[in-house]
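The block underneath contains the structure these notes are about, expressed in structure tokens.
Proteins come first, then strands; the chains are lettered A, B, ... in the order of their sequence lines, and each starts at number 1.
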Amino acid sequence: MRLATWNVNSVRSRQDRIVDWLQRSDVDVLAMQETKCKDAQFPYERFTDIGYEVAHVGLSQWNGVAIASRVGLDDVQVGFEDQPGFSKDPEIDPAQEARAIGATCDGVRVWSLYVPNGRELADPHYTYKLEWLAALKADAQAWVTADPQAQIALVGDWNIAPTDDDVWDPALFEGKTHTSQAERDAFTAFGDAGFTEVTRQFTPEPRTYTYWDYTQLRFPKKQGLRIDMALTSPALAARVTGASIDREERKGKGASDHAPVIVEIG
DNA sequence: ATGGCTATTTGGAATAGA
């Protein structure tokens, strides 16, 4: 199975590129993040026309996650059990956002995840980000404890650069989100739950990135971040035979600011 | 070997992204 994750930054404005990429990349399951639309606005037919089933959750113009699969799409779950909600208005009860969707594709439990950005270290969104990660880690640990043979893939935009080698200029990110120790600790904690990040071993060069800001010529200057990754349960980690980042897809007019990340599962 | 932000929203400044 070829499993990919891609923050598409609007599925509607990017639909031609996404469908073209799917058709030539031989990907069986694509987890998308930042679809930026409600369910009713999702271009389902573009995917079903080329043989993919789609599960999507989108509640507004923000966030939105989906899974497209041509190898089955069963037991769709919107959000994980203890997924926290967020509201910037303290008068309004926090509501769960469209940041996680799970489905079983050919025996693999795939989760398409869009981890909260955090905005600023002093922003409530940052606290929310850490709570969100801790809750996901706890739930994922419970899934593996309940079934040690479970084949689980947690893929998506983690909005964390796990090491300084994953940031084009670490000094520039001092005091910013994505590189703080608390975020890195929250990411590392998935290792304690038995999960392994499986793309780095196949793309080990320092300064290998998956995201480049649209501004300041960041892409041609090779100034990016590695924030899109795939974590797998022990049983699935043993099946991973390769991974790659499709940098080509960041090029040209109308590209997402993230590149697709592909995982080969034998 | 690419390109100086981009996408969304009851419609055009504001918000979010990272």
Side-chain angles (χ1 to χ4, degrees), chain A residues 5-18 21 32-43 56-66 85-89 92 95 97-99 112-130 132-133 156-184 186-187 207-229 245-261:
Chain A
T5 183
W6 190 7
N7 179 320
V8 295
N9 187 12
S10 172
V11 70
R12 285 178 294 171
S13 66
R14 211 81 58 210
Q15 56 189 284
D16 289 344
R17 271 188 92 124
I18 298 168
W21 183 81
M32 288 171 270
Q33 300 85 37
E34 276 208 273
T35 58
K36 288 188 168 177
C37 67
K38 300 177 184 179
D39 291 342
Q41 301 170 306
F42 192 97
H56 174 254
V57 58
L59 305 172
S60 69
Q61 70 269 43
W62 308 123
N63 316 309
V65 285
F86 180 74
S87 172
K88 63 180 176 184
D89 185 344
I92 299 173
E97 297 182 305
R99 294 183 178 274
S112 178
L113 304 168
Y114 180 43
V115 175
N117 170 288
R119 298 177 186 166
E120 309 287 339
L121 298 185
D123 195 296
H125 209 259
Y126 178 73
T127 310
Y128 166 54
K129 179 180 196 173
L130 296 177
W132 200 96
L133 287 161
D157 177 355
W158 290 81
N159 270 323
I160 299 170
T163 77
D164 277 352
D165 283 341
D166 304 322
V167 187
W168 68 276
D169 184 357
L172 197 67
F173 282 81
E174 286 282 336
K176 301 274 202 318
T177 60
H178 295 65
T179 61
S180 73
Q181 196 57 52
E183 288 165 275
R184 287 176 170 173
F187 185 78
R207 296 178 290 284
T208 296
Y209 306 129
T210 65
Y211 161 87
W212 300 262
D213 198 300
Y214 283 126
T215 67
Q216 305 294 126
L217 292 169
R218 293 294 186 228
F219 180 62
K221 290 179 177 171
K222 305 187 191 312
Q223 299 175 336
L225 303 173
R226 186 200 286 260
I227 54 176
D228 301 274
M229 289 165 286
I245 299 164
D246 193 349
R247 228 186 137 266
E248 292 299 306
E249 195 53 39
R250 179 62 179 80
K251 297 178 181 176
K253 195 174 175 62
S256 169
D257 42 4
H258 296 250
V261 177

- Selection from B:dT8, B:dG17, B:dA18 that lies nearest to any side-chain heavy atom of A:S13: B:dT8
- Base, sugar-phosphate, or nothing: which does A:R247 touch, judged by heavy atoms less than 4.0 Å apart? nothing
- Item | Phosphate OP1/OP2 of B:dA18: any A:H258 side-chain N/O under 4.0 Å | yes
- Item | Among B:dA18, B:dT6, B:dA16, the one nearest A:H178 by side-chain distance | B:dA18
- Query: So what does A:G118 hit on the nucleic acid, given a heavy-atom distance under 4.0 Å: a base, only sugar-phosphate, or nothing?
  - Reply: nothing
- Message: By the 4.0 Å heavy-atom rule, please label A:T177 as base, sugar-phosphate, or nothing.
- Response: nothing
- Message: Give me the distance, rounded to whole Å, that separates B:dT10 from B:dC5 when you measure between the P atoms they each carry.
- Response: 26 Å
- Note on the structure: Here the distance between atom P of B:dA16 and atom CZ of A:R99, to the nearest Å, is 11 Å
- Short side-chain N/O contact to B:dA18 OP1/OP2 from A:N159, under 4.0 Å: yes
- Message: Just the rounded figure in Å: distance from P of B:dG3 to NZ of A:K253.
- Response: 10 Å
- Message: Any base atoms under 4.0 Å from A:D257, or only sugar-phosphate, or nothing? Heavy atoms, all strands.
- Response: nothing
- Message: Hydrogens and angles aside, do A:D213 and A:T215 bring a side-chain donor and acceptor to less than 3.5 Å of each other?
- Response: yes
- Message: Between B:dG3 and B:dT9, how many Å separate the two P atoms, rounded to a whole number?
- Response: 26 Å
- Look at all strands and tell whether A:N7 reaches a base, only sugar-phosphate, or nothing, counting heavy atoms closer than 4.0 Å. sugar-phosphate
- Query: What does A:Y114 touch in the nucleic acid at a heavy-atom separation under 4.0 angstrom: a base, only the sugar-phosphate, or nothing?
  - Reply: sugar-phosphate
- Atom CZ of A:R12: over 12 foreign heavy atoms under 6.0 Å: yes
- Message: Applying a 4.0 Å non-hydrogen cut-off, can you work out what A:R226 is touching in the nucleic acid: base, sugar-phosphate, or nothing?
- Response: nothing
- Item | Along DNA chain B (nearest heavy atom to each residue), the more 5'-positioned of A:V11 and A:N63 | A:V11
- Task: Please state how far atom CZ in A:R218 lies from atom P in B:dG4, giving the value in whole angstrom units.
- Result: 13 Å
- Message: Can you see if the side chain of A:S10 gets near the phosphate of B:dT8 - specifically, an N or O under 4.0 Å from OP1 or OP2?
- Response: yes
- Message: For a quick check of understanding: with a heavy-atom distance under 4.0 Å over all strands, which category does A:Q41 fall into, base, sugar-phosphate or nothing?
- Response: sugar-phosphate
- Query: Under 3.5 Å, is there a donor-acceptor pair linking the side chains of A:K36 and A:N9?
  - Reply: yes
- OP1 or OP2 of B:dA7 sitting under 4.0 Å from any side-chain N/O of A:R12? no
- Item | Separation of B:dG3 C1' from A:R250 CZ (nearest whole Å) | 10 Å
- Message: Closest-nucleotide mapping onto DNA chain B: is A:R14 or A:N117 further toward the 5' terminus? I mean the 5' end.
- Response: A:R14
